[in-house]
Each structure stands twice: as C-alpha cells, then as structure tokens.
Amino acid sequence: RKEVEQDPGPFNVPEGATVAFNCTYSNSASQSFFWYRQDCRKEPKLLMSVYSSGNEDGRFTAQLNRASQYISLLIRDSKLSDSATYLCVVTGTSYDKVIFGPGTSLSVIP
Amino acid sequence: GAVVSQHPSWVICKSGTSVKIECRSLDFQATTMFWYRQFPKQSLMLMATSNEGSKATYEQGVEKDKFLINHASLTLSTLTVTSAHPEDSSFYICSARGDREQYFGPGTRLTVT
C-alpha cells in the first residue's frame with residue numbers, strides 16, 4: 001500500500017463549481033499534513049496546512065480525520081486559476097521527511 | 001519568505017557525463033535538505049535526505065553511487081548525477097525546511113541525450 005494515496009482524477013469542472021479532493025495515508029504516526037499546489041513544470045507551493053480542527057482560507061477548506069487517516073480539500077466557487085495539480089503531503093515519523101501523494105489534477109473550464 | 005534556489009534551472013548533457021545541481025537556502029540555514037525527482041505526470045519522489053556534515057540518507061531503490069549528495073554547509077547541498085543516462089532525464093527538485101513549512105527550489109530539468 002502506498003504511503004499517501006489520492007483520488008486519481010483528473011477533475012474537470014466548470015467555473016463556480018465546488019470540488020472536493022480526498023487523500024488517505026497509511027502511517028498512523030504521521031505528524032503533519034498539508035495541501036500543496038503544483039502548476040505544470042513548476043515547483044510545489046504550499047496551499048494550506050491541515051489541522052484536526054479543520055481550517056479554512058477563503059474558498060479553500062481542509063479537514064483532517066486522524067482516526068480514519070483521511071485528509072480532504074474542498075474548493076468552492078472554482079476559478080480558472082485554480083487549475084493545477086493538488087498534492088496531499090504528509091510528514092513521516094521523522095518530522096522533516098515529507099511524503100507526497102500522487103496528486104490530483106484539476107481543470108476548471110470556462 | 002524563505003527562498004530556495006537551484007542551479008542550473010535546466011541542463012542538457014550527453015549520456016555518460018556527470019551533472020551537478022546546486023540547491024541553496026538563501027536567507028535561512030538548513031541542516032537538512034531533501035532531493036526529489038519527478039517524472040512527467042507523476043508525483044515527486046523523495047530520493048534522499050541531505051544532512052549537513054554527514055552522509056546523505058537514500059530512499060530505497062536510489063543508487064547512492066550514482067546520485068552523489070554533498071551538504072558541505074548550512075546553505076548548500078549538491079546533487080551530482082554521475083554517468084547520466086537518458087532514463088535519468090527528469091525534473092529534480094530540492095527542498096529545505098524553514099520555520100513553518102518546506103520551501104522548494106524551482107527545480108532543475110535534466111535532459112540526457
């Protein structure tokens with residue numbers, strides 16, 4: 001089983017739609033959780049951290065369920081500029097070691 | 001915010017030659033840096049953890065004699081791809097941990113002909 005798994009995608013949604021990404025991780029001792037965004041041929045950029053209490057940043061909401069080892073990202077009112085690959089990221093038992101999920105591609109269509 | 005640079009941003013080399021990629025943390029010190037490789041339409045795969053002043057830790061399946069890592073200072077780690085082959089063509093990205101998050105370099109696109 002892979003350490004971090006995500007919806008395979010791709011997701012093709014119209015502007016204004018709400019889209020949700022799911023991610024699961026295998027190591028219950030994982031320390032921290034993040035969503036990164038990667039545009040084509042560019043390095044990943046941090047989108048938001050994920051906390052057990054859930055957190056929201058504008059149109060983006062992230063949630064963590066430690067018991068189920070599940071992370072989600074919700075994007076409301078999708079914009080064309082949201083088109084990218086979204087990477088679920090988990091730090092391993094060594095806090096600094098960062099493990100990437102395979103990514104889910106999102107295309108927002110006019 | 002913290003910045004990580006990489007050099008070169010892209011390189012084309014002939015099969016059998018060696019290529020060195022530099023990763024620098026520009027405004028913070030990083031005792032640990034990470035090297036990733038990303039093939040087209042795939043996610044980033046951790047290759048190795050670079051530790052300042054000690055040997056790098058390689059992930060399973062990554063040849064340490066082929067991918068030489070040197071972390072000689074708190075702001076510089078280098079990855080040397082030795083005797084490069086076309087299958088080594090990939091996007092190589094380094095990262096370093098700042099105060100609150102991992103910062104990624106812009107990546108180096110290596111093409112081996």
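The chains referred to below are lettered A, B, ... by the order of the sequence lines, with proteins before strands, and numbering in each begins at 1.
Interface remark: B:Leu44 contributes backbone and side-chain atoms alike to the contact with chain A (heavy atom separation under 4.5 Å). With a 4.5 angstrom heavy-atom cutoff, B:Gln38 touches chain A only via side-chain atoms.
A:Gln38 CD to B:Ser43 OG: the interatomic distance, rounded to the nearest 0.5 Å, is 7.5 Å. The line from CD1 of B:Ile93 to NZ of A:Lys42 is 12.0 Å long, rounded to the nearest 0.5 Å.
If you chain together hydrophobic residues whose side chains sit under 4.5 Å apart, A:Val4 and A:Trp35 fall into the same group. Under the 4.5 Å side-chain heavy-atom criterion for grouping Ile, Leu, Val, Met, Phe, Trp and Tyr, A:Leu80 is connected to A:Tyr86 within one hydrophobic cluster.
Ring pair B:Phe104/A:Phe100: centre-to-centre distance below 6.0 Å.
Atom OH of A:Tyr51 has 12 or fewer heavy atoms from other residues, nucleotides or ligands within 6.0 Å. For B:His7, the NE2 atom sits in a loose shell: 12 or fewer heavy atoms of surrounding residues, nucleotides or ligands are nearer than 6.0 Å. Counting heavy-atom neighbours within 6.0 Å of A:Met48 CE, excluding the residue itself, gives a total above 12.
The greatest number of non-hydrogen atom pairs below 4.5 Å with chain A, out of B:Gly105, B:Pro40, B:Gly107, is found for B:Gly105.
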